[in-house]
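Each chain gets a letter, A, B and so on, in the order its sequence line appears, and its residues count up from 1.
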There are 2 protein chains.
Amino acid sequence: MPTGQPAIEPSRQEQKSERARLLLCESTVTCLTQYGYAETSISRVLAIAGVSKGALQHHYPTKEDLMAATAQHLLRRPLQQQPWSKQDRALSDPATREAALAKWLKNTWDKMINTGPYQALLEILLATRTDPVLHKRINRELEDSIRVIDEHFCQQYPDLNQASKAQLQALLCANRCLLRGLLIEAQYGLTSAAQKLVLKQWWQMLTPLLLGHFDSTSQLGETA
Amino acid sequence: MPTGQPAIEPSRQEQKSERARLLLCESTVTCLTQYGYAETSISRVLAIAGVSKGALQHHYPTKEDLMAATAQHLLRRPLQQQPWSKQDRALSDPATREAALAKWLKNTWDKMINTGPYQALLEILLATRTDPVLHKRINRELEDSIRVIDEHFCQQYPDLNQASKAQLQALLCANRCLLRGLLIEAQYGLTSAAQKLVLKQWWQMLTPLLLGHFDSTSQLGETA
DNA sequence: TAAAACCATCCAATCGTATTGTTTTTTTTC
DNA sequence: GAAAAAAAACAATACGATTGGATGGTTTTA
């Protein structure tokens, strides 16, 4: 039935609109990674997208609308990040677990943080510090995004008590922070070898603590 | 002898000039922390400093000059950071060492990273990613600043072989990165308690590795 | 025919910089 | 050592370019 449930298939106009919005957001991302937040202007985004000013203003009336939409676009991207293993629960073997975790850690850096889109997101994030209006528009989605990722990670653990979960979240937060900071550090005077060494060292510190919570009896590095 | 060696005491004009430059740089810092890089304009700095446009342009002809000088001003600040102990070498006792290190770690966060001036520096650093000209002007001083801090830290160790030093530098870099990332994370949805937990966890992971290099025999978490 | 998508142009405001003039300090010269 | 010339510090204003946003018209889709 073509029109059995109305609004189930997007109309041609809706498709067009969505494609246009996507193009604009992606152009904004390109602009942010290439020129930074301070130098990201409406006209520059327009030039990259190859559309007119009126088109942009039709979809996103103000620059703030465009930025909020772009942030949303960027935040929804990493949620596709795979968990430890494609198939659920093949992590009964400790060695498998460690390998899967190592892969996840590496993946987080290679495919999530150390990428153009994340640079763009970082530009927006830093800008929101001094832009309360934009901050308010993005904050909720941002917190949700983090929560989902953390939750997703924790679900790999069979049964997690409150204290263990708190520590895990702290470790995940630390991981985010370190990688984010490393992305910035990598801009100046950090050789590729030095960067690898830092990552190796960090993962070496992190891995046993993350794996430790699988056996509820042995909890390495317990806090308090 | 007042004029024994000429040009030893700064002339009145030089004093005036230096005071003006300092005022301008500090106003720029205020502007950066308050409004961010994108919203830091000449006129805003002028308003904060309370001087005329001509005055600024006399000391710093272009905005880039002002930013470079401000970055320099900010980079020279943290070098006053104290080492582990005020007096050299009172670290023979392991317990004293640990206490001194804990203090140093806490101090690095409280007095160096988690501050307005560092926020300002971070704004400039992120901006340099997409501003090659500014990047080039600042890069050397930036690298030097890091190197000095690292070197200063390593000097606390009596005799350090090459491998140990490499690991120490990786750990110090990781520390910088994590704290920098935490500063950004703290902007959104990170409770004060959660932040403390992350810091506590991180310091707990870091401390034994940093202290391990005092005894050249036992090297914890050795790499490769 | 109405609405959505898109385009071309215009607008006031602000950007960073250049220009010119005034005041203060330093240097030169008698 | 005081007057004159030079230079530095600072101020006021002007300038072209660009900013984000507004307006009115044209094409496409419903």
Side-chain angles (χ1 to χ4, degrees), chain A residues 2-3 6-25 27-28 31-32 35-70 123-124 127 130-131 133-134 137, chain B residues 2-3 6-25 27-28 31-32 35-70 123-124 127 130-131 133-134 137:
Chain A
T3 45
I8 243 293
E9 65 171 24
S11 69
R12 184 135 50 131
Q13 216 169 37
E14 280 171 348
Q15 283 179 6
K16 205 177 177 186
S17 180
E18 192 146 345
R19 256 188 298 122
R21 286 169 203 264
L22 187 63
L23 172 66
L24 288 171
C25 284
S27 300
T28 307
C31 199
L32 285 169
Y35 301 103
Y37 188 89
E39 301 298 324
T40 291
S41 64
I42 300 283
S43 39
R44 239 195 258 264
V45 173
L46 256 42
I48 294 176
V51 299
S52 76
K53 212 162 196 173
L56 172 59
Q57 292 211 325
H58 173 72
H59 293 288
Y60 303 113
T62 74
K63 189 185 182 184
E64 186 196 304
D65 292 325
L66 177 63
M67 280 299 164
T70 303
E123 294 280 340
I124 298 181
T130 49
D131 187 338
V133 189
L134 190 58
R137 286 188 66 164
Chain B
T3 43
I8 242 295
E9 65 173 24
S11 69
R12 183 134 53 126
Q13 217 170 37
E14 280 170 348
Q15 284 180 6
K16 206 176 175 185
S17 180
E18 191 146 348
R19 256 189 297 120
R21 286 168 202 262
L22 187 64
L23 173 65
L24 288 171
C25 283
S27 300
T28 307
C31 199
L32 284 169
Y35 301 103
Y37 188 89
E39 301 299 322
T40 292
S41 64
I42 299 284
S43 37
R44 238 196 259 264
V45 173
L46 255 44
I48 294 175
V51 299
S52 77
K53 219 161 194 175
L56 173 57
Q57 293 211 321
H58 174 71
H59 294 288
Y60 304 112
T62 72
K63 190 184 181 184
E64 186 195 305
D65 292 325
L66 177 63
M67 280 299 165
T70 304
E123 293 279 341
I124 298 181
T130 49
D131 189 337
V133 188
L134 190 59
R137 288 189 65 163

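Atom OH of B:Tyr60 is separated from atom C1' of C:dA18 by 20 Å (rounded to the nearest Å). B:Leu46 places its CG atom 14 Å from the P atom of D:dT13, with the value rounded to the nearest Å. Between the CG atom of A:Leu56 and the C1' atom of D:dT23 there is a distance of 16 Å, given to the nearest Å. Between the CZ atom of A:Arg21 and the P atom of C:dA4 there is a distance of 11 Å, given to the nearest Å. Taking atom CZ of residue A:Arg19 and atom C1' of nucleotide C:dC6, one finds them 13 Å apart after rounding to whole Å. Rounded to an integer number of Å, the gap from B:Tyr37 OH to C:dG16 C1' is 12 Å. Rounded to whole Å, the distance from OH on B:Tyr35 to C1' on C:dC15 is 17 Å.
Considering only side-chain N and O atoms, A:His58 lies nowhere under 4.0 angstrom from the phosphate OP1 or OP2 of C:dC6. Contact check, B:Ser52 against D:dA12: no side-chain N or O comes under 4.0 Å of OP1 or OP2. Of the side-chain N and O atoms in B:His59, none sit less than 4.0 angstrom from OP1 or OP2 of D:dA8.
Of all the heavy atoms in A:Leu23 and A:Ala49, the pair that sits closest is CD2-O, 3.7 Å. Residues A:Glu39 and A:Arg44 share a closest heavy-atom pair of O-NE, 2.8 Å. The two residues A:Lys53 and A:Leu46 make their nearest non-hydrogen contact at CA-CD2, 3.4 Å. Counting all heavy atoms, side chain and backbone alike, B:Val45 lies closest to B:Thr40 at CG2-CG2, 4.1 Å. Nearest heavy atoms, B:Leu134 versus B:Tyr37: CD2-OH, 3.8 Å. Counting all heavy atoms, side chain and backbone alike, B:His59 lies closest to B:Ser17 at CE1-OG, 3.4 Å.
The end-to-end axis angle of the helix from C:dT1-D:dA30 to C:dC30-D:dG1, rounded to 10 degrees and based on five pairs per end, is 10°.
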- prompt: Reading nucleotides 19-25 of chain C 5' to 3', which nucleotides get B (base under 4.0 Å from a protein heavy atom), which S (sugar-phosphate only), which -?
  reply: -----SS
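For the atom pair CD (A:Glu123) and OG1 (B:Thr130), the distance works out to 5.5 Å, reported to the nearest 0.5 Å. Between atom CD1 of residue A:Ile48 and atom OG1 of residue A:Thr28 there is a gap of 8.0 Å, rounded to the nearest 0.5 Å. How far CD1 of B:Ile42 is from CG of B:Leu56: 5.0 Å, rounded to the nearest 0.5 Å.
Within the 4.5 Å cutoff, the side chain of B:Arg137 has no heavy atoms near those of the B:Asp131 side chain. Counting only heavy atoms from C-beta outward, the side chains of A:Tyr60 and A:Cys25 approach each other to under 4.5 Å.
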Taking N or O atoms only and anything under 3.5 Å, show me the protein contacts with nucleotides 17-19 of chain D, one pair per line.
residue : atom : partner : partner atom : Å
D:dT19  : OP1  : A:Ser41 : OG           : 3.1
D:dT19  : OP2  : A:Ser43 : OG           : 2.8

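Positionally, the nearest nucleotide of DNA chain C for A:Ala55 lies more toward the 5' end than for the other of B:Pro61 and A:Ala55.
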